[in-house]
There are 2 protein chains.
Amino acid sequence: MTELRADARRNREELLEVARQVIREQGVDASLRDIARRAGVGIATLYRHFPTREDLIAAIIGEGIRRLNARAAELSETKPAGEALEEWLGYIASRIGPYNGLPAAMDDAIAMDGSPLGALCADLMDAGDRLLTRAQADGAIRPDVKFPDIFTAVAAISAIATRSGPDTSTRILNVYIDGLRPSGGN
Amino acid sequence: MTELRADARRNREELLEVARQVIREQGVDASLRDIARRAGVGIATLYRHFPTREDLIAAIIGEGIRRLNARAAELSETKPAGEALEEWLGYIASRIGPYNGLPAAMDDAIAMDGSPLGALCADLMDAGDRLLTRAQADGAIRPDVKFPDIFTAVAAISAIATRSGPDTSTRILNVYIDGLRPSGGN
DNA sequence: ACCTGAACACCGTTCAAGT
DNA sequence: ACCTGAACACCGTTCAAGT
């Protein structure tokens, strides 16, 4: 949070811009060396600004995660609880699915704490928990599921988009969401 | 299929034995160099016997895949079609989930043809297709799902076992399977 | 304060040279 | 026919030396 020297600030911004593009194209496991090279800085400079790969990823996708949280609040106010949750899950999948490796990284990060990505995802978990509780109170979602499971499932299903395409991922997510509804028969 | 020289046969078997253990411990992306080293052969010898990583994986898990096929036939004869399919999916997940990276590798292999792993999985797809068709005829499973989607879903959900443990994976799979049943309401 | 490249310990894959 | 290690082009990560 302290002030950065002008050259350091420029390097940091150039790294972020390059990383944003490379990670979008190649996924979260893209070569850090490659990113440093394209940004025109030494590899150690990348490490100085982002000590771990997670720090870099968190810096890039932080804004996107905050948008997911905002969307949760918005849906919560404009739609019935069940619909709000279901639509939100679809929104999450559509946003994180395209980034190869991101769903797994997020799900991993939630488990370990102290990780920069985990901190971002913690808010996501809280928002999801609230939506789920309300949806369950409405009888729109089975009472026996917990949000961490739902998030893990959505993450795994989102990741399908990279391999089999977004349409397949969406169809599978819809089946899973159907399974979250209270069963009619038994 | 032609005869191998005695030393070549020994090397091949030693490689398979070591690879079986290393891949069980570290997953399908384990270091090939490491496997060759532990097997006491040169790295190029590994490549001679298994030109691609997929060839090695296929050689190791081929037997397991054949067991999955056998189980499909068995369930098909002893259980109602819907139950047979559902139990089979759980069985697949419990078998491939523990091998880190295998579900993704199998799902990838199905798409490309000519791949050794894809050839093994083709039988799996046929067996699944038959089980699904019968289950749908019985009205036990939604008429609008196709088996390739189901396999992709089961693969993705199986992979959860490595990260979040087999119990989480099983719970999520059960929700997905619930979603495969015809819905009572709409 | 910050940047840099060399250094270290790894990969996957190929190939010339050996028996 | 088969085996071998060196070679090549990469990694991630750290650290001494520079400004």
Side-chain angles (χ1 to χ4, degrees), chain A residues 1-19 21-23 25-60 100-102 104-105 108-109 112 114-117, chain B residues 1-19 21-23 25-60 100-102 104-105 108-109 112 114-117:
Chain A
M1 293 307 151
T2 72
E3 292 300 323
L4 282 178
R5 224 167 64 181
D7 56 344
R9 239 205 49 190
R10 265 200 318 276
N11 281 340
R12 187 171 204 280
E13 270 164 24
E14 186 62 21
L15 277 166
L16 278 174
E17 185 154 348
V18 169
Q21 171 162 351
V22 171
I23 284 179
E25 284 168 5
Q26 310 188 16
V28 180
D29 294 318
S31 158
L32 297 179
R33 264 190 139 92
D34 189 33
I35 290 170
R37 207 156 31 216
R38 296 204 208 186
V41 305
I43 177 67
T45 300
L46 184 150
Y47 274 90
R48 163 170 261 267
H49 287 283
F50 308 100
T52 73
R53 171 173 242 118
E54 263 209 359
D55 287 296
L56 180 57
I57 297 170
I60 287 174
N100 195 353
L102 179 59
D108 282 351
M112 325 172 297
S115 98
L117 208 52
Chain B
M1 295 303 152
T2 71
E3 292 301 324
L4 283 178
R5 224 166 64 180
D7 57 344
R9 239 205 49 191
R10 266 201 318 274
N11 281 340
R12 188 172 203 282
E13 270 164 22
E14 186 64 20
L15 276 167
L16 277 175
E17 185 153 348
V18 169
Q21 171 161 350
V22 172
I23 283 180
E25 284 168 6
Q26 312 189 14
V28 281
D29 295 318
S31 157
L32 298 178
R33 265 192 138 93
D34 190 35
I35 290 170
R37 207 155 33 216
R38 295 204 208 187
V41 306
I43 177 65
T45 301
L46 184 151
Y47 274 90
R48 163 168 262 266
H49 286 283
F50 308 101
T52 74
R53 170 173 244 117
E54 264 210 358
D55 287 295
L56 180 57
I57 297 170
I60 286 175
N100 194 352
L102 180 58
D108 282 351
M112 325 172 297
S115 97
L117 207 52

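Everything numeric in this text was worked out from a predicted model, so none of it was measured. Quick note on labels: first sequence line is chain A, next is B, and so on, each numbered from 1.
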Listed by chain and number, what are the side chain to side chain contact (heavy atoms under 4.5 Å, CB included) partners of R9(B), not counting sequence neighbours? L4(B), E13(B)
Sequence neighbours excluded, which residues qualify as side-chain hydrogen bond (donor to acceptor under 3.5 Å, both in side chains) partners of Q21(B)? E25(B)
Applying side chain to side chain contact (heavy atoms under 4.5 Å, CB included), name anything that partners D7(B), two or more places apart in sequence or on another chain. R5(B), R10(B)
Under 3.5 Å donor-acceptor pairs involving side-chain atoms of residues 41-52 of chain B, not counting sequence neighbours:
| residue | atom | partner | partner atom | Å |
| --- | --- | --- | --- | --- |
| T52(B) | OG1 | E54(B) | N | 3.3 |
| T52(B) | OG1 | D55(B) | N | 3.2 |
| T52(B) | OG1 | D55(B) | OD2 | 2.8 |

Could you pull out all residues at least two apart from A19(A) that satisfy side chain to side chain contact (heavy atoms under 4.5 Å, CB included)? I35(A), L56(A), I60(A)
Please list, chain by chain and in numerical order, all residues satisfying salt bridge (Lys or Arg N to Asp or Glu O under 4.0 Å) with D34(B), sequence neighbours excluded. R37(B), R38(B)
Given Watson-Crick and G-U pairs under 3.5 Å, DNA chain D in dot-bracket ([ ] crossing, | other strand) is ||.|||||...|||||.||
Between dA6(D) (P) and Y47(B) (OH): distance, integer Å: 17 Å
For DNA chain D, what residues of residues 29-36 of chain A have any heavy atom nearer than 4.0 Å? A30(A), S31(A), L32(A), R33(A)
Correct closest heavy-atom pair for V22(A) and A30(A) would be CG1-CB, 3.7 Å
So CD1 of I57(A) and CG of L102(A): to nearest 0.5 Å the spacing works out to 7.5 Å
Which ones in residues 52-60 of chain B lie close to DNA chain C, meaning a heavy atom under 4.0 Å from one of its atoms? R53(B)
Going by the rule side chain to side chain contact (heavy atoms under 4.5 Å, CB included), which residues pair with E17(B) if we only count those two or more places apart in sequence or in a different chain? none
Report the residues that fulfil side-chain hydrogen bond (donor to acceptor under 3.5 Å, both in side chains) with D108(B), sequence neighbours left out, ordered by chain and then residue number. R163(A)
Shorter than 3.5 Å, N or O on both sides, protein versus nucleotides 2-5 of chain C: list them out with atom names.
| residue | atom | partner | partner atom | Å |
| --- | --- | --- | --- | --- |
| dC2(C) | OP1 | R5(A) | N | 3.4 |
| dC2(C) | OP2 | R48(A) | NH1 | 3.4 |
| dC3(C) | OP1 | N11(A) | ND2 | 2.3 |
| dC3(C) | OP2 | H49(A) | NE2 | 3.4 |
| dT4(C) | OP2 | G42(A) | N | 3.0 |
| dT4(C) | OP2 | T45(A) | OG1 | 3.0 |

Under 4.0 Å, heavy atoms only, any strand: does R37(A) hit a base, just the sugar-phosphate, or nothing? sugar-phosphate
